[in-house]
Amino acid sequence: MQDRYAGDLGDFLKLGLLRWLVASSFDAAPHRLGVVWYLAPDESHNADGKHVAYLDPQSKTGKQLRPLDPDLYDRLTAMVGSGVRSVAQLEAFGVLPAGSRTFGDVLQFADLAPNAKDARIDRRRSWVCGALRATEDCSVVFVDADNGLRRSDHSMASHRSKSEKHAYLDELGAFIERGQSIVAYHHADRSAPVPIQAERRMADAAEELGVEPLAAVRASRGTTRLFLVVPAPAHREHLRTRLQELERSHWADELVVYWAADQ
């Protein structure tokens, strides 16, 4: 995540999904959400983060999206209209469910030499520990790395430059081990059809985390995004119910559920 993205089209879809997933259902209370922003320094080499035209309620897109979650839409409109876009402003404008916990420390290695491997590893380890402390009392934790997930054995190790834009699966194991469910952002690419990418990322998560994902949720408006849902055993049925209800809801045209093979 970068501050310059705050409030863009992707945020509406992402936050809409999170608000839906952790909401109460007929037989379960709402979950407390934790958000690990995986905040990276803003970049300026492209036009990413400028996709806020959807916040015009009279536009075609605005007319389609606002009814899905009017409260979220209006809060994002007010936040972008304030002229300051950041994850801190998102939190200040109340777009997250009540009681949410967040971790917004920037993860970066720019001040460390490329060959300072031990210092980079220590910094990243300390950063992950901070994220764990901040979300300790949450039942569902969302990880929002800029480019999404990587296997821990990826050729680009987690201490290398630009690795800050990814969440490595071994970093998420500690959340799973203490009984928390994970929802993880992943930016789809051109390596394979999106359903195949979803299958691969779910297989990676199952192998490294030891928990079978429920599903990957696809949001295709604008850039194609995937959100892996990896439930703790205690939350599995509740999250399954919320995803099933999502498929029958007014969100169904925007958020498509790819169920794991054994679901």
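All heavy atoms count here, side chains included; hydrogens, waters and symmetry mates do not. Note that the coordinates shown come from a computational prediction; the quantities given were computed from them, not determined experimentally.
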Let me check something: do L90 and V106 share a hydrophobic cluster, defined by ILVMFWY side-chain heavy atoms less than 4.5 Å apart, either directly or through other members? yes
Which heavy-atom pair separates S59 from A53 by the least distance, and what is that distance? OG-O, 3.8 Å
Can you check whether V141 reaches F103 side chain to side chain, under 4.5 Å on heavy atoms? no
For the CD1 atom of I196 and the CZ atom of R201, what is their distance to the nearest 0.5 Å? 11.0 Å
For residues V140 and L21, determine if any side-chain heavy atom of one lies less than 4.5 Å from a side-chain heavy atom of the other. no
To the nearest 0.5 angstrom, please state how far the CG atom of D204 sits from the NE2 atom of H154. 10.0 Å
In the structure I gave you, are the side-chain heavy atoms of F12 and R66 within less than 4.5 Å of one another anywhere? no
Can you tell me how far the CG atom of L209 sits from the CE atom of M202, to the nearest 0.5 Å? 13.5 Å
Atom pair NE2 (H166) and OG (S158), whose distance is rounded to the nearest 0.5 Å: 12.0 Å
Check R85 with D11, please: is the shortest side-chain N to carboxylate O separation under 4.0 Å? no
D105/L39 under side-chain contact (heavy atoms from CB on, under 4.5 Å): CA gap, chis, key distance, verdict: CA-CA 6 Å; D105 287 9; L39 193 62; over 6 Å; no
Start with the C-alpha gap between T223 and H51, add the side-chain angles, then the distance that decides, and say whether side-chain contact (heavy atoms from CB on, under 4.5 Å) holds. CA-CA 10 Å; T223 301; H51 305 294; 5.9 Å; no
Please check if Y168 and F142 belong to a single hydrophobic cluster, counting links between Ile, Leu, Val, Met, Phe, Trp and Tyr side chain heavy atoms closer than 4.5 Å. no
Without swapping roles, check the side chain of E164 against the backbone of Q108 for a donor-acceptor pair under 3.5 Å. no
Taking E91 for the side chain and T102 for the main chain, is one N or O donor matched with an acceptor at less than 3.5 Å? no
So do R125 and D122 actually touch side chain to side chain, heavy atoms under 4.5 Å? yes
Which of these, R124, R150, R151, sits in a salt bridge (charged side-chain N to carboxylate O under 4.0 Å, His left out) with E171? R124
Does any N or O in the side chain of Q197 come within less than 3.5 Å of the main-chain N or O of D189, such that one atom is a donor and the other an acceptor? yes
Kindly indicate whether the side chain of V217, heavy atoms from C-beta on, has any atom under 4.5 Å from the side chain of V183. no
When you measure from the side chain of R101 to the backbone N and O of D137, does any donor-acceptor pair fall under 3.5 Å? no
Considering all heavy atoms of both residues, which atom of R19 and which atom of L72 are nearest to each other, and what is their separation? NH2-N, 3.5 Å
Could you point out which residue of V229, V22, L255 forms a side chain to side chain contact (heavy atoms under 4.5 Å, CB included) with L17? L255
Working to the nearest 0.5 Å, report the span between CG of N147 and NZ of K162. 10.0 Å
Could you tell me whether D71 and R75 have a side-chain N and a carboxylate O separated by less than 4.0 Å? yes
Let me see the working for W20 and D69 under side-chain contact (heavy atoms from CB on, under 4.5 Å), right down to the final yes or no. CA-CA 10 Å; W20 180 276; D69 190 331; over 6 Å; no
Any sub-3.5 Å donor-acceptor pair from H186's side-chain atoms to L149's backbone N or O? yes
Using modelled atom types and a 3.5 Å cut-off, is there a donor and acceptor pairing between side-chain atoms of Q89 and backbone atoms of S82? no
d(L33 CG, S139 OG) to nearest 0.5 Å is 8.0 Å
Are W251 and Y54 linked, directly or through other ILVMFWY residues, by side chains that come within less than 4.5 angstrom of each other? yes
According to a hydrophobic-cluster definition based on side-chain heavy atoms being under 4.5 Å apart (Ile, Leu, Val, Met, Phe, Trp, Tyr only), do V87 and L96 belong together? yes
Show, in sequence, the C-alpha distance, side-chain angles and deciding distance for V257 and L214, and conclude whether the side-chain contact (heavy atoms from CB on, under 4.5 Å) test is met. CA-CA 10 Å; V257 180; L214 265 176; over 6 Å; no
Please name the pair of heavy atoms, one in H250 and one in P67, separated by the smallest distance, quoted to 0.1 Å. CD2-O, 3.8 Å
Give me the atom names and distance for the closest heavy-atom approach of P195 to R218. CD-NH1, 4.1 Å
I'd like to know whether CD of E136 has more than 12 heavy-atom contacts from other residues, nucleotides or ligands below 6.0 angstrom. no
With a 6.0 Å cut-off on the ring centroids, do W37 and Y185 count as close? no
Does any part of the side chain of S163, heavy atoms only, come nearer than 4.5 Å to the side chain of R120, both counted from C-beta? no
Tell me whether Y73 shares a hydrophobic cluster with V80, the cluster being built from Ile, Leu, Val, Met, Phe, Trp, Tyr side chains joined at under 4.5 Å. yes
R160 atom CZ: more than 12 heavy-atom contacts under 6.0 Å: no
Where P231 and V211 come nearest, the two heavy atoms and their spacing: O-CG1, 3.1 Å
Could you pull out the closest heavy-atom pair between L55 and L76, with the gap in Å? CD1-O, 3.9 Å
Main-chain N/O of L169 paired with S152 side-chain donor or acceptor, under 3.5 Å: no
Sub-4.5 Å side-chain heavy-atom contact between L132 and R178: yes
Any side-chain heavy-atom pair from W259 and E247 closer than 4.5 angstrom? yes
